[in-house]
Amino acid sequence: MHDKEKSERFIFIVKWNNKSESFAQGSCFLDVKKAFGWKNNVLLIETLDGSQRETLELRETLERDYVVEPLGFGHEQAREALRHTASHILAQAVKRLFPDVRLGIGPAIEDGFYYDFDTVHGFTPEDLVSIEQEMKRIAKQNLPVTREIMSRGEARKVFEQSNETFKIEILDELPENEPISVYRQGEFIDLCAGPHVPYTGYLKAFKLLNIAGAYWRGDENRPMLQRIYGTAFMDQEGLRAHLARLEEIKQRDHRKLGKQLDLFSIEEDGGPGLVYWHPKGAIVREIIENYWKEEHRKRGYDLVYTPHIAKLDIWKVSGHWDWYKENMYSPMEVDDMKYLLKPMNCPFHILIYKGKTRSYRDLPIRYGELGTVYRYERSGVLHGMLRVRGFTQDDAHLFCRPDQLEQQLIEVLDLTGFMLKTFGYDEYYCMLSVRDPENKAGYIGDDDVWEQAEAALESALKARNLQYQVDVGEAKFYGPAIDINIKDAMGRLWQGPTIQADFTLPERFDIHYIGEDGQRHRPVMIHRTVLGAMERFIGGLIEHYAGAFPLWLSPVQIRVMPVSDKQSSYAEEVQKRFKEQGFRAECDLGQDKIGYKIRQAQLEKVPYMIIVGEREKQSHEISVRHRSLGDLGVMGIDEFIEKVRHEAVSKSLESVFDRV
RNA sequence: GCCGGCGUAGCUCAAGGGCAGAGCAACGGUUUCGUAAACCGUAGGUUAAGGGUUCGAUUCCCUUCGCCGGCUCCA
């Protein structure tokens, strides 16, 4: 072949990893994949040339020269492409089995994908099995997944033919200039922006997980569709690991552990969303509350207690009556006066502030309270201790001068980080929740006041070098907030601390302080919680620790168990020593064999088991077993106490004996 | 609130239009034991509540309550 001929036929050069290949007009990235010898674990292509990186499908035709990088399952977009294709395969399978369905939407999500269907047939778990089988068949057929750009009219015709009214609705709402793309695989066609993987055969490891109702476009005024959730991975091993993780999450469920460990309950006779703290759960809560109080005192907070109800009027002044009514319990009549159960503590703290004239020298004033509030939540959203109707916020309101605001916000951020770390939440994410500029009617206060508050929060985040994401429309009705999500041991995010700057309530309650100039000035308020609410925080902690609380929080820290009755009095003597040293220690004097006692203690996740038999009784020593480290051998009582005391006092997350 | 599923002994779970069952826990004994379950026995139920169909309902139907998975909303 002459060079001239070659250069005419091979017009594009693609470079990867210092290698380059030439391609003829009309080649696509599947050809590139072949040329470079990439395997089927390449799902998308990323271009490295050009000012902006671009991700492309393997079916994309070459249009110029490229420098590329293949993207595998580890890359978010590539992962989503595979799962998105999986959702199309799901829809195709469902349409084959249930021809009357109409399609909603079917995106990739965090851990998998879903597709929404409208059909009179109610999907059952048995259906999932047959749908999965059909999906496997489609994958085996290895249908090409192709993309077409259509005119609006053409697309409309296609979906009208198949009576896909939901697709038409989406189509009609696509912006004018948006190219309309449609994906096909075999007989299946879907309106979709992509990207996708090139063949259905790329789907090798997947599982359908559950069926749930979901409003069309998340709007409760629109029809409810049936959603099928599934997940997909590159290989069986990835899928297996994911399913194992789901199982682990199930085992850690605070509702399950709460019952097993006898920490709390929610009583059907008492009402939904109302938590009963059993003795062991109450100990955990009490310890956390004491710790909380101690840390707040250290930082200049004054702790207060306020009532559970107050006259309707103050809720009008605060704005709750107008902006928060649907979350509040109905008024109750007392002496011809209407009272409301409090959904928040702020107005009460303001009343205390307002009780006397404040000087600029008094500020900042920080009122902290473990304040129990009640909020009406729709029945369907309640969830164990994580979403309840009555809960205790670790609340505080800081009243400060405008010039103190940023420093106060920074101190709150520091306190938050400090306390979260104690519980082993080393990773957390900050969200700056601002109001939705499209919906100003949903918030109280003037524009300039909002801007001021949002700016203050942002500059505090910047001052502490915290990464944050702006969350539009997530502000509270009276002010913007920093909402902090904490990452637990399973890598899940939980709503935790929230910090709000508020210029509005001081205005509404007309509170002030006397400045250096002898004039009245308006203070700024910070609303904040560090843990969020005791219920939610401890519910999350149970899952974070899988029920195995670190020593300082364990309801029972040490259980002493005699091998037989003959050592009972020695066991009690040992227990007494522990109790004298301030440990929560128990004695198991049951008639059971030692193996049984150990099993019970293990199941209850008691950190330290002290086994005393005839040998220990004679030598005045103890045999120590740790719930996760196992048998630690025989040691002296004082030696043990000294070590374990250090573990408890330091609030260690690990055993002192866990040294390698 | 909405869609779907579920509700049987304190707990975990069977059975099912014709007398409601097991294991663990509880209780009474026997056993005195060395690092995750000794043995024997006893008791425990208006099958979530209410209504209907039926000779007969715990089972089938309806309503209510609660729980679970989601949707929507929050600490």
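Since the model is a prediction, treat every value here as computed from it, not as a measurement. Chain A is the first sequence line, chain B the second, and so forth, proteins listed ahead of strands; every chain is numbered from 1.
When distances run from any side-chain atom of A:Glu220 to the nucleotides B:rC33, B:rG1, B:rU35, the shortest one goes to B:rG1. Proximity note for A:Tyr596 (side chain, C-beta onward) versus B:rC65, B:rA37, B:rA75: the nearest is B:rA37. In this structure, the nucleotide among B:rA36, B:rA75, B:rC33 sitting nearest to the side chain of A:Thr498 is B:rA75. Closest contact between the side chain of A:Arg536 and the listed nucleotides B:rA37, B:rA75, B:rC2 involves B:rA75. Relative to the side chain of A:Ile598, the nucleotides B:rG1, B:rU35, B:rC68 differ in distance, and B:rU35 lies closest.
For an aromatic pair to be called close, the ring centres must be under 6.0 Å apart, and A:Phe578 with A:Tyr608 fails this.
Taking atom CE of A:Met561 as the reference point, atom C1' of B:rA37 lies 14 Å away to the nearest angstrom. Across the protein-nucleic acid pair, A:Ile109 atom CD1 and B:rC71 atom C1' stand 13 Å apart, rounded to whole Å.
Stacking of A:Arg227 on the aromatic ring of A:Tyr114 is recorded, both the 6.0 Å distance cut-off and the 45° axial limit being met.
On the C1' atoms, B:rG51 is 25 Å away from B:rG1, given to the nearest whole Å.
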**OP:** Mind running side chain to side chain donor-acceptor pair (under 3.5 Å) on A:Asp488 and A:Trp494 for me, showing each step along the way?
**Re:** CA-CA 7 Å; A:Asp488 78 358; A:Trp494 302 78; 2.8 Å; yes
Original post:
Can you check side chain to side chain donor-acceptor pair (under 3.5 Å) on A:Glu586 and A:Gln575, steps first, answer last?
Top reply: CA-CA 6 Å; A:Glu586 286 181 349; A:Gln575 180 210 10; over 6 Å; no
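For A:Phe549 against A:Arg627, the heavy-atom pair with the smallest separation is O-NH2, 2.7 Å.
Taking a pair as Watson-Crick or G-U wobble with both distances under 3.5 Å, the runs of three or more consecutive pairs in RNA chain B are B:1-7 with B:65-71, B:10-13 with B:21-24, B:26-30 with B:38-42, B:48-52 with B:60-64.
Nearest-nucleotide positions on RNA chain B place A:Leu382 closer to the 5' end than the other of A:Leu382 and A:Asp483.
Within a 6.0 Å radius of CD in A:Glu247, other residues, nucleotides and ligands contribute more than 12 heavy atoms.
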